[in-house]
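Just so you know, residue 1 is the first one in the sequence shown, and it goes up from there.
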Amino acid sequence: MKLKLFKQKLIFVYMLILVFSVSMVNAQTSQQVSGTVVSASDNVPLPGASVMVKGTNNGTSTDFDGKFNLNVSNSNAILVISYIGYVPQEVRALGGEIIIALQEDSSSLDEIVVVGYGTQRKT
């Protein structure tokens with residue numbers, strides 16, 4: 001009787017460990033998304049563009065050639081790409097190599113203020 005009860009408890013513990021290990025493996029699966037951020041008008045790479053996963057703190061910035069690599073935990077994740085002077089864009093992270101073309105934000109050009117400093121001598 002005691003041996004049968006011990007076997008049942010042992011089987012229960014093994015099943016519990018199996019369930020937790022499978023859930024940990026599923027939680028740690030992630031995919032890598034890579035791509036290039038370019039200007040839509042002339043296809044020039046945009047270095048320093050911000051690439052963030054929407055709703056998280058997970059993100060990176062593009063290198064000198066406009067390229068980025070980012071690990072996302074969900075295949076349905078949405079990337080938010082932004083750069084100064086360009087309209088932010090949202091793209092679904094499908095995996096593989098993606099190319100994102102950002103449109104110039106012409107409305108922000110009205111916000112530029114030029115200030116000049118200098119000295120003059122009256123003669």
Please determine whether residues [X] and [Y] belong to a single hydrophobic cluster, defined as Ile, Leu, Val, Met, Phe, Trp and Tyr linked transitively by side-chain heavy-atom distances below 4.5 Å.
{"X": "Ile98", "Y": "Val51", "result": "yes"}
{"X": "Met52", "Y": "Val72", "result": "no"}
{"X": "Tyr83", "Y": "Val80", "result": "no"}
{"X": "Ile81", "Y": "Tyr86", "result": "yes"}

Using a 3.5 Å distance criterion without hydrogens, assess whether the side chain of [X] forms a donor-acceptor pair with backbone atoms of [Y].
{"X": "Thr62", "Y": "Leu46", "value": "yes"}
{"X": "Asn58", "Y": "Asn71", "value": "yes"}
{"X": "Arg92", "Y": "Asn76", "value": "yes"}
{"X": "Asp65", "Y": "Lys67", "value": "no"}

Is there side-chain contact between [X] and [Y], with heavy atoms separated by less than 4.5 Å?
{"X": "Ser50", "Y": "Ser82", "value": "yes"}
{"X": "Val38", "Y": "Ile100", "value": "no"}
{"X": "Glu90", "Y": "Leu79", "value": "no"}

Please give me the minimum heavy-atom distance between Glu97 and Gly35, naming the atom from each residue.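 Nearest pair, atom of Glu97 first, then Gly35: OE2-CA, 3.5 Å.
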- prompt: Of the non-hydrogen atoms in Glu104 and Ser41, which two are nearest, and what is the gap between them?
  reply: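 In terms of heavy atoms, the two residues are closest at OE2-OG, 3.4 Å.
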Enclosure of Ile99 CD1 (heavy-atom neighbours >12, cutoff 6.0 Å) =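 No, the 6.0 Å shell around CD1 holds no more than 12 heavy atoms from other groups.
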To the nearest 0.5 Å, how far apart are CZ in Phe68 and OG in Ser34?
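Rounded to the nearest 0.5 Å, the CZ-OG separation comes to 7.0 Å.
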Under the side-chain contact (heavy atoms from CB on, under 4.5 Å) criterion, do Asn69 and Thr60 qualify, and how do the steps go?
CA-CA 8 Å; Asn69 290 318; Thr60 187; over 6 Å; no
